[in-house]
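Data block below; observations after.
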Amino acid sequence: MWIYVRDLKNHVGEHVELRGWVRNVRSSGKIHFIDFRDGTGFIQVVVEKNNVDEESFANCKKLKMESSVIIHGVVKEDKRSPWGVEVLAERVTPVQIPQEPYPINKPDHGIEYLMERRHLWLRSKRQFHIMMVRNEVLKAIRNFYWERGFVQIDTPIFTGAIGETAGNLFELDYFDYGKVYLAQTGQLYLEAACLAYGKVFNLGPTFRAEKSKTRRHLIEFWMNEAEVAYYEHEDNVRLQEELVSYIVRWVLEKASDHLIALGRDLKKLEKVEPPFPRITYTEAVKLLQNNGFDIKWGDDFGGDEETFIASQFEKPVFVTHYPRKAKAFYMQPDPNNPEVVLCDDLLAPEGYGEIIGASQRIHDYDLLVERLKEFNLPIEAYDWYLDLRRWGSVPHSGFGLGVERTIAWICGLEHIREAIPFPRTLYRVYP
RNA sequence: UCCGGCGUAGCUCAAUCGGCAGAGCGCCUGGCUGUUAACCAGGUGGUUGCAGGUUCGAGUCCUGCCGCCGGAGCCA
């Protein structure tokens, strides 16, 4: 019976078939130890000369790193194995044996070498654990919304009208239509959808043509956005802290082995429960000024400033009520102070930066037109967006969560590029 | 785009003041019934990123170019 490594603990004493790959092989003449993986986990297979047919034993001598093999054997509990369980082979059948040495054979390769071989690097243990966490994060996000009656709305990747800011959009030719752009947000479409279906979310890739070269940036990254009709600023902030705590709790529950394997300190993640601390932009500026930062009211925060603010708290922290001139055109002004808007950024702890950008959206037609003009945006292109304020407009709010930044933070990664299977960074689209 | 750093064997790195191009790993051969980056013995490996310059002599110094890494700005 074909069994996956993940399930071997439930088959102790049984004869099983494993289909997978050789990670490494060690030999002591009459005994071979195969580090075996099948995509669900890693296990040691022991091949003793007296326990297998001659052909199988001879086959083991030919095995190299990343040979594909089918193993028949018995599952044994064994204290000598770090997994508690190992497989004593009865037959070893190679599927393919490489003709050349496997390029990733030691844990001391440079990043350029590994990035050039990302298609093989993904097989490594550390990358396996990260991708398993990513998988759970994606499941958690969808589950969170579906449990709460949200509708998944897949927003387009080709967009005609521009999203937020021109200049950092990827431009393409769209047959005879002319120029279109790769989406840098699905927000405007989600706003349309929330007026149709109430509570909506998306989950997909977005693109920023920014020549950013930092550990927090990708050119192509995944974003989860949500938009809710009749939600105002306060409802929006609560939804965000519930989402982020839900994701962290889910991963702790379903994937803590992977986090431990990655060397993550789980205690730091266990603290991530609502409510999250909040400070206003104005308070944050004072905090920074009192700590020697050269910043004045109206400036946006840089990486160092964000890291400092986040370092004052053990949980993610909301920074709210930014100056309207520092933010996008569609944000609703604060009725108590029209110079600031009803928005928030969520800063992750430990220097992982902004993981959420959020706001209540302008629902008044005239105000929105005024802002479009103020930001020098082409009103014609936003005609359909303005329609949303012509018929049945209501207060509504939403946000965007950076999926890879969230994963990088939860896993404790040095660099965001490991949080996505095939990262697109500045100057790299291979493989 | 700007600032800084790096480029030597398949990989990771050494090479003192400018003076013989080195090591570990990988790979090949042999040995070993409890290995965990296995170990032991032997073998294999070079256009020092590219182009030019200084010098008796350049991996090392100078100029230009290319590539990569880190950071800034911008953002999630």
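On a predicted model such as this, the values are computed, not experimentally measured, just so you know. Reminder, nothing fancy here: chain letters follow the sequence lines and each chain counts from 1.
Between A:Phe293 and A:Phe308, the ring planes lie tilted relative to each other; the angle falls in the 30° to 60° range.
Near-neighbour residues of RNA chain B inside residues 47-62 of chain A, defined by a heavy atom below 4.0 Å, number-ordered: A:Glu48, A:Asn50.
In this view, A:Glu54 satisfies the side-chain contact (heavy atoms from CB on, under 4.5 Å) rule with no residue, not counting sequence neighbours. Applying the salt bridge (charged side-chain N to carboxylate O under 4.0 Å, His left out) test to A:Glu136 and every residue at least two apart in sequence or in another chain returns A:Lys139. By the side-chain contact (heavy atoms from CB on, under 4.5 Å) test, A:Glu77 pairs with A:Val12, sequence neighbours left out. A:Ser68 is linked by a side-chain contact (heavy atoms from CB on, under 4.5 Å) to A:Trp21, A:Val95, A:Gln96, counting only residues two or more places apart in sequence or in another chain. Every residue meeting the side-chain contact (heavy atoms from CB on, under 4.5 Å) condition with A:Lys49, not counting sequence neighbours, appears here in chain and number order: A:Lys30, A:Phe57. Every side-chain hydrogen bond (donor to acceptor under 3.5 Å, both in side chains) that A:His258 has, sequence neighbours left out, goes to A:His129.
The base of B:G26 has none of its N or O atoms less than 3.5 Å from a complementary donor or acceptor on the side chain of A:Glu100.
The residue A:Leu218 sits close to a base: some heavy atom pair falls under 4.0 Å. The residue A:Lys327 sits apart from the nucleic acid: no heavy atom pair falls under 4.0 Å. At a threshold of 4.0 angstrom between heavy atoms, the contacts of A:Gly110 are confined to the sugar-phosphate backbone, with no base atom among them. Within 4.0 Å of A:Ser27, counting heavy atoms only, lies at least one base atom of the nucleic acid.
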Item to check | Protein proximity profile, nucleotides 67-73 of chain B - base contact B, sugar-phosphate-only contact S, no contact -, cut-off 4.0 Å on heavy atoms | outcome: SSBBBBB
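One atom, OH of A:Tyr102, and another, C1' of B:G10, lie 15 Å apart when rounded to the nearest Å. The separation between A:Met331 atom CE and B:C75 atom P is 10 Å, rounded to whole Å. Atom NZ in A:Lys30 sits roughly 21 Å away from atom P in B:C39 (whole-Å rounding). If you take CG of A:Asn105 and P of B:C27, they are 7 Å apart, rounded to a whole angstrom. Atoms CG (A:Asp344) and C1' (B:A76) sit 13 Å apart, rounded to a whole Å.
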Considering only distance and modelled atom types, tabulate donor-acceptor pairs under 3.5 Å from the side chains of residues 403-413 of chain A, sequence neighbours left out.
from     : atom 1 : to       : atom 2 : distance (Å)
A:Glu404 : OE1    : A:Trp222 : N      : 2.8
A:Glu404 : OE2    : A:Arg134 : NH1    : 2.9
A:Glu404 : OE2    : A:Arg134 : NH2    : 3.3
A:Glu404 : OE2    : A:Trp222 : N      : 3.4
A:Arg405 : NE     : A:Arg216 : O      : 3.0
A:Arg405 : NH1    : A:Glu354 : O      : 2.8
A:Arg405 : NH2    : A:Arg216 : O      : 3.2
A:Thr406 : OG1    : A:Gly402 : O      : 2.7

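For A:Arg117 (side chain) and A:Tyr113 (main-chain N/O), a donor-acceptor pair under 3.5 Å exists by modelled atom type.
Taking atom P on both nucleotides, B:C11 is separated from B:C74 by 38 Å, rounded to a whole Å. Taking atom P in both B:C65 and B:G22, the straight-line distance is 34 Å, to the nearest Å. As rounded to the nearest Å, B:C39 and B:G24 have C1' atoms that lie 15 Å from one another. Going from the P atom of B:G31 to that of B:G19 covers 46 Å, rounded to whole Å.
Annotation for A:Asp294: atom CG does not count as buried by contact number, only 12 or fewer foreign heavy atoms lying within 6.0 Å.
Applying the salt bridge (Lys or Arg N to Asp or Glu O under 4.0 Å) test to every pair with at least one member in residues 325-334 of chain A, sequence neighbours left out, gives these pairs: A:Lys327-A:Asp345. For residues 304-317 of chain A, the side chain to side chain donor-acceptor pair (under 3.5 Å) pairs, not counting sequence neighbours, are A:Lys271-A:Glu314.
A distance cut-off of 5.5 Å between ring centres, combined with a plane angle under 30°, places A:Phe221 in a stacking arrangement with the base of B:A76.
In RNA chain B, consecutive stretches of 3 or more Watson-Crick or G-U wobble pairs with both distances under 3.5 Å are given as paired ranges: B:1-7 with B:66-72, B:10-13 with B:22-25, B:26-31 with B:39-44, B:49-53 with B:61-65.
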